[in-house]
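Here the structure is laid out as structure tokens; the discussion comes afterwards.
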2 protein chains.
Amino acid sequence: MAHTIKDVARLAGVGIATVSRVINGSPNVLPRTRERVLAAIEELGYRPNQAARQLVTARTNTIGVVLPFLTRPFFVEVLRGIEAEVAQANYQLIIFNVESVEQRDRYFGHLPFLGRLDGLIVLSLPLGAAELDRLSKVDLPVVLIDTEAHNLPAVVIDNETAAQMAVEHLIEHGHQRIGYICGPLYPELGISVNRERLIGYEAALRTHNIEICQDYIRASGDGREVGRASTKALLNLATPPTAIFAASDEQAFGAMDEIQARGMQVGQDIAVVGFDDLEMSSYLQLTTVHQPMERMGRSGARILLDRLSNPDQPAPRRTVIPVELCVRQSSVPKS
Amino acid sequence: MAHTIKDVARLAGVGIATVSRVINGSPNVLPRTRERVLAAIEELGYRPNQAARQLVTARTNTIGVVLPFLTRPFFVEVLRGIEAEVAQANYQLIIFNVESVEQRDRYFGHLPFLGRLDGLIVLSLPLGAAELDRLSKVDLPVVLIDTEAHNLPAVVIDNETAAQMAVEHLIEHGHQRIGYICGPLYPELGISVNRERLIGYEAALRTHNIEICQDYIRASGDGREVGRASTKALLNLATPPTAIFAASDEQAFGAMDEIQARGMQVGQDIAVVGFDDLEMSSYLQLTTVHQPMERMGRSGARILLDRLSNPDQPAPRRTVIPVELCVRQSSVPKS
DNA sequence: TTTGAGTGTGGAAACGTTTCCAGAGTATAG
DNA sequence: CTATACTCTGGAAACGTTTCCACACTCAAA
């Protein structure tokens, strides 16, 4: 059986309160007393029981993160940032992976993490009125990343402006017929980036008095293969676009696959711009909007941690992380 | 303030012990009593305090996973399998990401998770004598995935045999000069797959009386770019290999990059075989050893969970997950 | 010397559960 | 009608901490 604080107290010849003070770094302990206690702790290999500690302090030193599709690079990179920041602050990180509507509803319906968490990060998942309502009732500090909701602190990028920037880059390089490929505009889990980026795409065209052609907009599914299929459809049009803006790098990879499979040159014959800047994108020379994913994770985690150590101070309502366009050969071929 | 079991008991007009019995599904409760209690729980929105529960039961309902490089696809896929299985069993999952030797030593030196976990999964990280010693002292159930250690249950694949199979596939298709590219044989964290796969590579050659040429073996770093560099070195040899076996798909992608950059055809001019079977590998038509990553995660998690619910029954010492070779055009061009 | 503040310490209450134990009630067998 | 067994229930102990409170002591000021 593991030792308790009483064993330590007895061995050190002090009271349990003093041991507790030593453990928690209270200043009011005589140096020689502290040393005796530390020696006893060392000798017994004593470890404070976390459950007992939590029970009395009502803190768990744990934060949770709910995220969709643990497997997709974007979410993993953000998670990595969160993990780094959380570990550094000596908190634990519990993850809840959501891959279906039922799972999401299970988590937000039952809130199974309720007693176990000091705070929660929700990544990319939009929260509906029901979820917000339930969350607000239990007063658990929440921070959102890559999604927004009334009144909750959020770390986001400006998808509209970023997309507009990407499309304007294409326009500046002489393109007038620009396709947009993305995943479903209204996906099951309600993730809205594809919609927001569509708005930016349309804004760029409108600004330059280019007519918006519905045939150039293909919103179907996620992933590389679907991106390739969408591109195939675009290139089979009577008047195909000369440039393609993809709402994700994975889709853009698919576009490049299709272009190359047709014996055409990416950048030369058809320009491609993506969104995310995955590790592979620079290898493939894909022009893309760089999202600082790890930084978004760190930023969100930090906001939550700050709020935990400083409960009265309000968290910043909305933190916009700047993005930038990485211009590579897929849109501007080397001369 | 949140309600306690006492509030529920008072409202339902029963004792706290009865409420506890209802919560924990004890059979000896009169149906109408149970209903009164459930109604009270519902009305108050009562949730049992986890810390109090843990304190008295000495169980946390949480398992931890220590894994390196949260960002690499292989580890993420395995983690996903673990998460799925753990969530299904109504356990929480705490993750500890290790990206440096210091971090690993911090985790295994202090075992900061000690009081918070019912069990631990170690993914891919080899454990030294010191770590094993410490772990055995604290009697925390441990399961290893993709790594092995004296006496601890482990879920692994047979890297040697798998590599041998991959190389023999190349030999059968007429290749005699076969290169092997991989990450460092003795990396910082001690991960040993590259070494094991090298042994399989050598065994295949030896079996077919092919001389092992040290120039054909390039162990440098991880990732796609390094794979490309290794391939460049191989192809610049006076007598370059006609086939390349890469210890990871990421490395194989780099090899394909370099081959294509030289205007040669993958599969036609140089054959490439990888290891992992990432999502992208089928798109790129890469022949590769398929590792059922998610399944490995699930399998390891299940072994741990079984052991937790059944402490006396010994866990299977070594579970070997079968792998298979996925033959695609990178080694056998379509005719 | 007395007062007062300040420092170091220990005992005990409190946190919210689970579970042991005992008791009340009911049904069954002798 | 009593003895026995079984079911349902409630009180209270126990889990291992933190923290409140009280006490003893030291030292400086009055």
Side-chain angles (χ1 to χ4, degrees), chain A residues 1-41 44-62 90 92 112-118 138, chain B residues 1-41 44-62 90 92 112-118 138:
Chain A
M1 207 51 216
H3 293 287
T4 76
I5 202 172
K6 269 187 191 158
D7 302 323
V8 177
R10 195 177 319 125
L11 180 60
V14 300
I16 56 168
T18 300
V19 177
S20 177
R21 274 186 280 261
V22 170
I23 292 169
N24 294 291
S26 163
N28 290 346
V29 179
L30 232 48
R32 53 172 267 114
T33 310
R34 164 172 286 117
E35 274 186 34
R36 277 221 312 283
V37 171
L38 289 176
I41 289 176
L44 296 176
Y46 164 75
R47 308 244 170 191
N49 178 306
Q50 295 303 326
R53 187 175 246 180
Q54 285 173 30
L55 177 58
V56 59
T57 58
R59 306 186 73 233
T60 63
N61 253 266
T62 301
N90 259 313
Q92 321 283 326
F113 36 70
L114 209 53
R116 310 172 188 266
L117 261 41
D118 289 343
V138 299
Chain B
M1 208 48 220
H3 293 288
T4 75
I5 202 172
K6 269 186 193 158
D7 302 322
V8 177
R10 197 177 317 127
L11 181 59
V14 300
I16 56 168
T18 301
V19 177
S20 177
R21 274 185 282 261
V22 170
I23 292 169
N24 295 291
S26 162
N28 293 345
V29 178
L30 230 47
R32 52 171 269 110
T33 310
R34 164 173 286 116
E35 274 186 36
R36 279 222 310 283
V37 172
L38 289 176
I41 288 176
L44 295 176
Y46 164 75
R47 309 245 170 189
N49 178 304
Q50 294 303 326
R53 188 173 244 181
Q54 285 174 29
L55 177 58
V56 59
T57 59
R59 306 186 72 233
T60 62
N61 252 264
T62 301
N90 260 313
Q92 322 283 326
F113 36 70
L114 210 52
R116 311 175 188 263
L117 262 40
D118 289 344
V138 299

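What you are looking at is a predicted structure, and each value in this text was computed from that prediction instead of being measured. Letters A, B, ... mirror the listed sequences (proteins, then strands); counts begin at 1.
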Distance check needed: [N] [atom2] versus [X] [atom1], whole Å only.
X: B:Leu30; N: D:dG10; atom1: CG; atom2: P; result: 11 Å
X: B:Arg10; N: C:dG16; atom1: CZ; atom2: P; result: 12 Å
X: A:Gln54; N: C:dG16; atom1: CD; atom2: P; result: 14 Å
X: A:Arg36; N: C:dG8; atom1: CZ; atom2: P; result: 14 Å
X: B:Asn49; N: D:dC15; atom1: CG; atom2: P; result: 18 Å
X: B:Leu114; N: D:dG16; atom1: CG; atom2: C1'; result: 15 Å
X: A:Lys6; N: C:dA12; atom1: NZ; atom2: C1'; result: 11 Å
X: B:Ile5; N: C:dT19; atom1: CD1; atom2: P; result: 11 Å

Reckon [X] touches a base, only the sugar-phosphate, or nothing at all at heavy-atom distances under 4.0 Å?
X: A:Ile16; result: base
X: B:Gly13; result: sugar-phosphate
X: B:Leu55; result: base

(request) Mind running side chain to side chain contact (heavy atoms under 4.5 Å, CB included) on A:Arg116 and B:Asn61 for me, showing each step along the way? (result) CA-CA 11 Å; A:Arg116 310 172 188 266; B:Asn61 252 264; 4.1 Å; yes

N or O in side chain of [X] less than 4.0 angstrom from [N] OP1/OP2:
X: A:Ser20; N: D:dT17; result: no
X: A:Thr18; N: C:dG10; result: yes
X: B:Asn24; N: C:dT18; result: yes
X: B:Asn28; N: D:dT7; result: no
X: A:Thr4; N: D:dC15; result: no
X: A:Thr57; N: D:dT18; result: no

Within the structure provided, determine whether [X] and [Y] are in side-chain contact (heavy-atom separation under 4.5 Å).
X: B:Tyr46; Y: B:Leu11; result: no
X: A:Ile23; Y: A:Ile41; result: yes
X: B:Arg53; Y: B:Asn24; result: yes

(message) From the set D:dT17, C:dG16, D:dT9, return the single nucleotide nearest to any side-chain atom of A:Arg53.
(response)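 For A:Arg53, the side-chain atoms sit closest to D:dT17.
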
(request) Would you indicate which nucleotide in C:dG8, D:dT17, D:dT19 comes nearest to any side-chain atom of A:Ala17? (result)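 It is D:dT19.
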
(request) Kindly indicate whether the side chain of B:Arg47 and the base of C:dG16 share any N or O donor-acceptor pair separated by less than 3.5 Å? (result)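 Checked by distance alone, the answer is no.
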
(request) May I ask you to decide if A:Asp118's main-chain N or O and A:Thr60's side chain share a donor-acceptor pair within less than 3.5 Å? (result)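 Checked: pair present.
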
(request) Verify, without hydrogens or angle tests, whether B:Arg36 (side chain) and B:Ala12 (backbone) share a donor-acceptor contact under 3.5 angstrom. (result)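 Confirmed, B:Arg36 side chain pairs with B:Ala12 backbone.
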
(request) Please figure out whether B:Gly15 or A:Arg21 has its closest DNA chain D nucleotide nearer the 5' end. (result)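 In this pair, the answer is B:Gly15.
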
(request) Map A:Ala51 and B:Pro31 onto DNA chain D by nearest heavy atom, then report which one ends up closer to the 5' terminus. (result)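 Nearest-nucleotide comparison on DNA chain D picks B:Pro31.
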
